[in-house]
Amino acid sequence: MNINNKDYSKKFIIIMVLAVIMCLLMFFLPETIFNEPIKKVDLLSDVRSAAPTVEEDDYTKWIAHDEYTNNDRNNNENIPDPLLQDSMKASAQDLQTPQPPQPPQPPQPQLTPEQMLNVDIEDFSSDRRGLRHFFAALNNANNMQRPVRIAFLGDSFIEGDIMVADFRQQMQSRFGGNGVGFIPIESVVAQYRPTIKQSANGWKSYSIIKNSKQKYVLSGMLFEPQSGTASVNFQTTDMFPSLQEVTTLKFIYSANNQAEMLLKQGEETFAYILPEESTGVTQYELKGTFRQGTLQFRNAQGLKAIGIALEDNKGVVVDNFSLRGNSGIIMTNLDAVTCRNFQEIRPYDLIILQYGLNIVSDSVRNYTWYGKQMVKVVEHIRKCFPGADVMIMGVSDRSHKRNGEYRTMPGVPALLKAQRQTAQDTGVTFWSVFAAMGGQNSMIKYVKSNWASKDYTHLNFRGGKEVANALYNALLKEKELYDSE
């Protein structure tokens, strides 16, 4: 019997070495082959820590230390305190908000270069007068018994009043008005919002993102006292002259069982019995001079608060209804009846939809599904706020790192195309933040200029000012066309 005594250990070692070399070579494959994304092989993927989507240290520094400058001030405004660590992590997670599963779709046709860089407002209404109600209100501002109101609905891109603060200042400087407008009872960004100082105690909050059973209006938030007492503190700021002092303080609520409201200003205290809510939303208005104060609520069981408003009853009011992590789709859950009641006591002339940052992804090249969902949102907003004009803001530029360089995410132009199509399908106006920033790879320029965070996603206040100026100029140009007809 012959026994084969050959030693195969050397061949085995050679085969193993070749296999390891092949796997290592596969790790260094290019990002794409024939424009198709390639997933690299990583032998250590099971033991590596997942890298955060946002550079957390840079994001915290942006929130805590961003310096705000404008032509009317000689000194810089420092954002007060950093967000709590868990709030910062939550914002990082917002950038990874998963979209609903969709069947495979072919890539969308791209916008033309002219469309990609168009900084003007595009009007897709049937008569090309999609902002006629808003412009008519501006032209009649001195004769109305209320201010012209603009609402920004958006995500973390505008939270803390980034961009909105400068747009508000431009509009109030041109058309009059004072005050920051609407303020939610509590806010996760209260610590670094430079346009108002606020704090609250004793409240339980509800969000449209986590609890859809409540009857929400534009803010997407509701607040109930945890016991029979609760309070709200406010103080205006000198970021802009129009923010320093207002003539009305309004408390807005949607349910009440005759709670008592105390206003404390310095050594003085004023007491009020809040009327029972009877129409879905009530606005209790105090007139005077307001810079700071504390609202205390007693016997407040059954009270459902929406927020307060600091403003004048003339000129322009710009409300910021940002909600971190909101893709926009969930706004179809706004309660139509409650919103119409809200519109009666607090009418809006223009509603601007700023969404998309939580949707754009490396792996998605077709956002037709998102556009169709946003068509439903626009239709619902119109149902909730009859008479208000609607504008869709196209997504901003956002960069990712490939082969050691930052470049515009391929999904950004695709999402921009879907958002523009939504405006066409619904007959509303459209304006592109992407174009206003400068188009392809503009986020890189913003980061190098210290106008944006190093997460290559969020603008800071200096970058927000650039976009605000572009939007203001686009609106004035469109208004000139309207006035000339």
Side-chain angles (χ1 to χ4, degrees), residues 83-84 86-87 90 151 153 159 180-191 193 196-235 248-264 269-286 293-310 319-326 330-346 384:
L83 284 177
L84 297 175
D86 58 347
S87 296
L153 276 63
E159 70 179 9
V180 71
F182 178 86
I183 310 163
I185 298 295
E186 291 182 325
S187 171
V188 296
V189 302
Q191 296 184 58
R193 182 177 180 176
I196 186 68
K197 295 180 180 179
Q198 66 176 111
S199 61
N201 291 293
W203 299 91
K204 179 181 179 181
S205 63
Y206 298 91
S207 166
I208 193 172
I209 293 179
K210 297 180 179 180
N211 184 326
S212 61
K213 296 181 180 180
Q214 301 290 331
K215 294 182 178 180
Y216 298 100
V217 294
L218 289 178
S219 64
M221 298 288 293
L222 271 177
F223 305 88
E224 294 179 350
Q226 293 178 343
S227 61
T229 60
S231 64
V232 179
N233 305 295
F234 65 89
Q235 181 178 341
T248 71
L249 166 63
K250 299 162 182 173
F251 175 62
I252 307 166
Y253 56 97
S254 61
N256 174 45
N257 292 327
Q258 288 194 328
E260 182 181 11
M261 182 177 75
L262 304 178
L263 171 62
K264 293 189 174 183
T269 300
F270 306 91
Y272 310 91
I273 300 296
L274 295 176
E276 291 188 22
E277 178 279 316
S278 59
T279 62
V281 180
T282 298
Q283 179 172 271
Y284 193 81
E285 180 176 349
L286 303 177
T294 298
L295 292 177
Q296 292 184 339
F297 299 89
R298 300 190 303 204
N299 303 319
Q301 296 89 344
L303 179 65
K304 288 190 176 182
I306 297 173
I308 64 174
L310 293 166
D319 290 340
N320 185 338
F321 294 111
S322 63
L323 199 58
R324 181 179 293 184
N326 190 357
I330 202 167
M331 301 308 281
T332 55
N333 287 341
L334 295 178
D335 186 75
V337 174
T338 306
C339 284
R340 284 195 292 269
N341 293 332
F342 188 57
Q343 174 77 345
E344 289 178 6
I345 65 170
R346 194 170 179 78
C384 291

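When reading the values below, keep in mind they use all heavy atoms of this one structure, side chains included, and skip hydrogens, waters and symmetry mates.
Between the side chain of N299 and the backbone N or O of Q258, no donor-acceptor pair lies under 3.5 Å. Here the side chain of Y284 pairs no donor or acceptor atom with the backbone of P275 at under 3.5 angstrom. Between the Q198 side chain and the P184 main chain, a donor and an acceptor come within less than 3.5 Å of each other.
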Practice prompt. Take L263 and T269 through the test side-chain contact (heavy atoms from CB on, under 4.5 Å) and record every step on the way to the result.
Written response: CA-CA 6 Å; L263 171 62; T269 300; over 6 Å; no
Worksheet item: Does the side-chain contact (heavy atoms from CB on, under 4.5 Å) test come out yes or no for R346 and K250, once each step is laid out?
Response: CA-CA 11 Å; R346 194 170 179 78; K250 299 162 182 173; 4.2 Å; yes
Fill in: From CA spacing to verdict: side-chain contact (heavy atoms from CB on, under 4.5 Å), M331, N326
CA-CA 9 Å; M331 301 308 281; N326 190 357; 3.4 Å; yes
Discussion item. side-chain contact (heavy atoms from CB on, under 4.5 Å), that's the test. Do N233 and N201 meet it? Break it down for me.
Written reply: CA-CA 9 Å; N233 305 295; N201 291 293; 4.2 Å; yes
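Counting heavy atoms from C-beta on, the side chains of K304 and K215 never come closer than 4.5 Å. The side-chain heavy atoms of L286 and M261, taken from C-beta on, include a pair separated by under 4.5 Å. Taking 4.5 Å as the limit, some side-chain heavy atom of I252 sits within range of a side-chain heavy atom of V281. In this structure the side chain of F182 never reaches within 4.5 angstrom of the side chain of L218, judged on heavy atoms.
Ring planes of F321 and F342: perpendicular class, angle over 60° (limits at 30 and 60°).
Annotation for M221 and S205: closest pair CE-CB, 4.1 Å, computed over non-hydrogen atoms. Closest approach of A305 and I185 over heavy atoms only: CB-CG1, 3.9 Å. Closest approach of T248 to E285, counting heavy atoms only: CG2-OE2, 3.4 Å. Considering all non-hydrogen atoms of both residues, L222 and S254 come closest at CD2-OG, 3.7 Å. Closest approach of C384 to A336, counting heavy atoms only: SG-CA, 3.6 Å. Annotation for C339 and L334: closest pair SG-CB, 3.9 Å, computed over non-hydrogen atoms.
Taking the six-membered ring wherever Trp is involved, the centroid distance between the rings of Y253 and F297 does not fall below 6.0 Å.
Summarising the geometry, atom OG belonging to S187 is positioned 9.0 Å from atom CG belonging to N320; distances are rounded to the nearest 0.5 Å. Taken to the nearest 0.5 Å, the CZ atom of F251 stands 10.0 Å off from the OG1 atom of T282. Between atom OG of residue S219 and atom CD1 of residue I306 there is a gap of 6.0 Å, rounded to the nearest 0.5 Å. In this structure, CG in L323 is found 8.5 Å from CD1 in I330, a value given to the nearest 0.5 Å. The CG atom of L274 sits 5.0 Å away from atom CG of N256, with the distance rounded to the nearest 0.5 Å.
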Review item, side-chain donor-acceptor pairs of residues 224-231, under 3.5 Å, at least two apart:
| residue | atom | partner | partner atom | Å |
| --- | --- | --- | --- | --- |
| E224 | OE1 | Y206 | OH | 3.2 |
| Q226 | NE2 | W203 | O | 3.1 |

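Within a 6.0 Å radius of CD in Q301, more than 12 heavy atoms belonging to other residues, nucleotides or ligands are found.
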